[in-house]
Number of protein chains: 2
Amino acid sequence: MLRLAKLTDYGTVIMTTLAQSKTRRSATDLASSASLPLDAARKVLKDLARAGLVQSERGAHGGYALARPATDISVTQIIEALEGPIALTECSIHDHRCEIEQSCGARSNWHLINRAVRMALDQVSLADLAVPGSGRIAALARRFAPPHAVSIPADSIQRMTQA
Amino acid sequence: MLRLAKLTDYGTVIMTTLAQSKTRRSATDLASSASLPLDAARKVLKDLARAGLVQSERGAHGGYALARPATDISVTQIIEALEGPIALTECSIHDHRCEIEQSCGARSNWHLINRAVRMALDQVSLADLAVPGSGRIAALARRFAPPHAVSIPADSIQRMTQA
DNA sequence: TATAATTAGGACCGATTAAGTCCTCTTTCA
DNA sequence: TGAAAGAGGACTTAATCGGTCCTAATTATA
Ligand code: FES
Ligand code: FES
């Protein structure tokens, strides 16, 4: 886990497609354009519409278009539209859902970590995502690098060079 | 999704417990100490041992202890020990596993985003996690805040105040 | 007005995966 | 030798995801 649902992935692909073409597009059109399973694309688009990220038009010549400029849509919003609030652990958001909350020394910290990840994703806009090799995203990633020299466990170096 | 597996959550709780007590602890002991299901705790500990994060001792009076100082164990390592490499999307790591790679405008960017999230988690050590309300984690979270004023979509403000 | 195109909404099922449980073997200490 | 403990893995159940399909509502146009 710690993986986006496939449908969410589809969602980002569809959204980037929409961000690039500025005319309204039908679900069929978008699915083939992104080579996604048609029904899956339909489902995703319905969810995106319900969340207000795309504007739908019914009937003949209907279709979908972005509801606002791509710069005003964040990756967080796409994710949350398709799979609900970002919550790395069960207790990250609703504090009273976690069974082991009493004895858990990590709860408040997971809260913070969750927020950090969310803020990171919040800063990536659909406009950034739509540009392959986006410089803004690269710059963002650079901001997350360790501040200065940090003790790096040996095996993590091996891991990093593999990746 | 975008949620840690429950067992991973257990893993962090167990690790924080281990980080606090400096003597070797048996699985039974740890499970009751953190009020986790015993068998689940056993499974988690076995995985942590295989990954080299804890050192196990068999036989009577055996048990588990951290394999290195808590400052040298990162949250990333715990996660990866229990649920494999962090890969937000299927294509984040193994480039040739993703079916829609051809038509995907988002691939290289997901790569970057994935790395950013991983680096963030890399910077949180078990020692940080073990201190409730850790100042270091809070500081880290602050580093991820948007650099300066940023246009915030109205509905995200509503979301933020709810959360 | 009839028809075709198109989204809305939801039901359904098969596949995958997670979570929990259990069993057997090996190691170590008393 | 027996009890305590971990190693390794099989198995079952529950949850969730991905994919498919059906029906209704809406709109343009022939
Ligand atoms: S994991 Fe939920 S309170 Fe700690
Ligand atoms: S989601 Fe895999 S290549 Fe884009």
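Chain letters run A, B, ... following the sequence lines, proteins first, then strands; residues in each count from 1.
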Whole-Å distance separating the CG atom of A:Asp9 from the P atom of D:dG19: 11 Å

Contact under 4.0 Å: A:Arg42 side-chain N or O vs D:dT20 OP1/OP2: no

Which residue lies more 5' along DNA chain D, comparing A:Gly59 with A:Ala40 via nearest heavy atoms: A:Ala40

Atom CZ of B:Arg24 with >12 non-hydrogen neighbours under 6.0 angstrom: yes

Gap between atoms CG and C1', on A:Leu36 and D:dG19 respectively (whole Å): 13 Å

Of the listed nucleotides D:dT20, D:dT29, C:dA19, the one nearest the side chain of A:Asp39: D:dT20

Partner of A:Tyr10 under side chain to side chain contact (heavy atoms under 4.5 Å, CB included), chosen from A:Leu82, A:Leu45, A:Leu36, A:Leu4: A:Leu36

Earlier contact from the 5' end, DNA chain C, for A:Leu45 and A:Ala60: A:Ala60

Most 5' of A:Lys46 and B:Ala5 on DNA chain C, judged by nearest nucleotide: A:Lys46

Any donor-acceptor N/O pair under 3.5 Å between D:dA25 base and A:Arg58 side chain: yes

A:Arg115 atom CZ: more than 12 heavy-atom contacts under 6.0 Å: no

Euclidean distance, atom CG of residue A:Leu38 to atom P of C:dT7 [Å, nearest integer]: 9 Å

Note, B:Arg3 side chain near A:Arg3 side chain (heavy atom, < 4.5 Å): no

N/O donor-acceptor pair under 3.5 Å between B:Asp128 side chain and B:Ser134 backbone: no

Distance, rounded to the nearest Å, where B:Asp47 contributes CG and C:dA19 contributes P: 12 Å

D:dG6 OP1/OP2 closer than 4.0 Å to side-chain N/O of B:Arg50: no

Residue whose nearest DNA chain D nucleotide is more 5′ - A:Leu4 or A:Glu57: A:Leu4

d(CG, A:Leu48; C1', C:dA8) in whole Å: 14 Å

OP1 or OP2 of C:dA8 under 4.0 Å from side-chain N/O of A:Tyr64: yes

Atom pair distance, as rounded to whole Å: CD in B:Glu83 and P in C:dA18: 8 Å

Whole-Å distance separating the NZ atom of A:Lys6 from the P atom of C:dG14: 18 Å

Among C:dA8, D:dG19, D:dA10, the nucleotide that comes nearest once only the side chain of A:Ala49 is considered: C:dA8

Length of the line joining B:Leu7:CG and D:dA15:P, which is rounded to integer Å: 15 Å

D:dA7 phosphate, OP1 or OP2, under 4.0 Å from B:Ser56 side-chain N/O: yes

Nucleotide of C:dA11, C:dA18, C:dT21 approaching A:Met1 most closely (side-chain heavy atoms): C:dA18

side-chain N/O B:Tyr10 vs C:dG20 OP1/OP2, d < 4.0 Å: yes

Exercise: do B:Arg143 and B:Gln123 side chains pair donor with acceptor under 3.5 Å: yes

